[in-house]
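Below you'll find the structure, written out as structure tokens, and then a few comments.
Chain letters run A, B, ... following the sequence lines, proteins first, then strands; residues in each count from 1. Only this structure's heavy atoms are used, side chains among them; waters, hydrogens and symmetry mates stay out.
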Amino acid sequence: MPRSSDDPSFDQLIQEHPLTLAIPPQIQLELRERGPMSSRNDDIRVTPRFRCKGPAILEWVESLSAMPRPFPASQVVVRNLSRTGFSVLMDRELFPEQMVRVYLSIATATAMVVRARRLGSRCYDIGFRIKTYQSLQ
Amino acid sequence: MTSSGLVAIHPLTLVPNYCAGTNVYIWNEKADATVKFLSSEQMVTESTLSFLLANPNQKVFVDESSYSSYQAYLFENLDAWLVEPRIPGILKTAVIAEYFHSRFTIGFKGKSIRSMLDSCSECCKHLGLLGQHMHVNGRNFQRVLRHDASFVTHAVNTAMYSYLIAESIGYSSEMIIEVCVGAMMHDVGKIQPGLLDGTFSGGATNSTEWMPRVAQFHPIEGFRRLCHEPGVTEIQLLMAYQHHEKIDGKGFPVGLTSTEIHDASKICSVANRYDGLTSERPNRHAMTRMAAFRVMNSEKNTALDSEMIQCLEAAMTQASTN
């Protein structure tokens, strides 16, 4: 979804949605790392994934009919990304097949949840597959 | 199915004053062979039933070629049997267990999630009907359920045990049915797309087909397969998704802790574990009820919910009153 000149800037969005995550200390350390992630034996990813840390805004787009769980737009922390997907740290659990829109400083994307892992009481690692991608540059 | 052209059936599905619609055979130990017990036109009598009740380990078979007649006999008479007060509870439990097995096998062979879901709904409606007319007893379940390592058996048994727990914790009858359907479908993520042809004989239960990746991801895959199917409820989705979550947060796929796991998923988790322990597996024999509860009680409040274990244990140890 392209942003128009009337839309708030990325910085404004970040200010309007303060981070409510509680990132566990061991994950804080991990977030300092950069560069390509080593693949595991059972990894089925087809494109390399890179560690990064940056803010993003996640917005609910479409839920499952049996589980309508809309949530307010939230600030999340991007943890890693590849050409086909990314993962974020978020303060709530999302479920597979839910659709979201993510606002990054350089792009917007729509993506589908593929997995979620609880890291702490207000911290979930959520993996997404990118459906559409729109660069802002 | 057997290579001799006979199919084993549960002896207590032979209901007095009805014809099974096919020749029925029993295993004769002395002759070391099967002998004809009832002809296709012959009605089951009270003395037939007395013989079968007195010989609980008697193996009974029908012709493979006319198995569909036996299924028709089960399907057409089931409702009448379930509400008939003169039919003993153990027979009603046996016919419903056999019906579940037959009906779910048909749904499974339908090669689609929809056909499986339809068969589960059909089965659980009948279980609800049974529950309206008698107290469903855990001991009877233990006596009539199969304990082999097949996917269908595991689905059926998990649904039956979930029924007992859900009833025991006071769920409404509608909710009990919802939970039972969820329990029957909980492992749907284990079915590999190429195996949706009815030949799949197990997931975790079949070591030759078992793959760690399937083990790890089947709750997510099950959720994905069910979430776009009309009529599937949130509870059923969560049962497929959360039945390997553990109370201490060390389960998968999410690692949720006790309060974050839905109660219906805790029910499914306990029912799943109990059936896993009390059924045959390629690497070990089935455990007795007491041994299974010893194991499960050692896992309470780490892996399993203690209240759900208590409910199932109480239901399974309660003496039969019908």
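With a 4.5 angstrom heavy-atom cutoff, Tyr241(B) touches chain A only via side-chain atoms. Heavy-atom distances place both the backbone and the side chain of Leu256(B) under 4.5 Å from chain A. Looking at Leu238(B), the atoms closer than 4.5 Å to chain A (heavy atoms on both sides) all sit in the side chain, from C-beta outward. Neither the backbone nor the side chain of Glu229(B) comes within contact range of chain A, judged by heavy atoms closer than 4.5 Å.
A salt bridge is absent between Glu93(A) and Arg69(A); no separation between the charged side-chain nitrogens and carboxylate oxygens falls under 4.0 Å. Ion pairing of Arg79(A) with Glu30(A) is present here, as a side-chain N (NZ or NE/NH1/NH2) and a carboxylate O approach within less than 4.0 Å.
A salt bridge (Lys or Arg N to Asp or Glu O under 4.0 Å) with Asp125(A) is found for one member of Arg92(A), Arg118(A), Arg115(A) and no other, namely Arg115(A). Shown are Met67(A), Met112(A), Glu62(A); of these, the side-chain contact (heavy atoms from CB on, under 4.5 Å) with Glu97(A) is made only by Met112(A).
Within a 6.0 Å sphere centred on CZ of Arg114(B), heavy atoms belonging to other residues, nucleotides or ligands number more than 12.
Taking Pro96(A), Ser65(A), Pro68(A) one by one and counting their heavy-atom pairs under 4.5 Å with chain B, the maximum is reached by Pro96(A).
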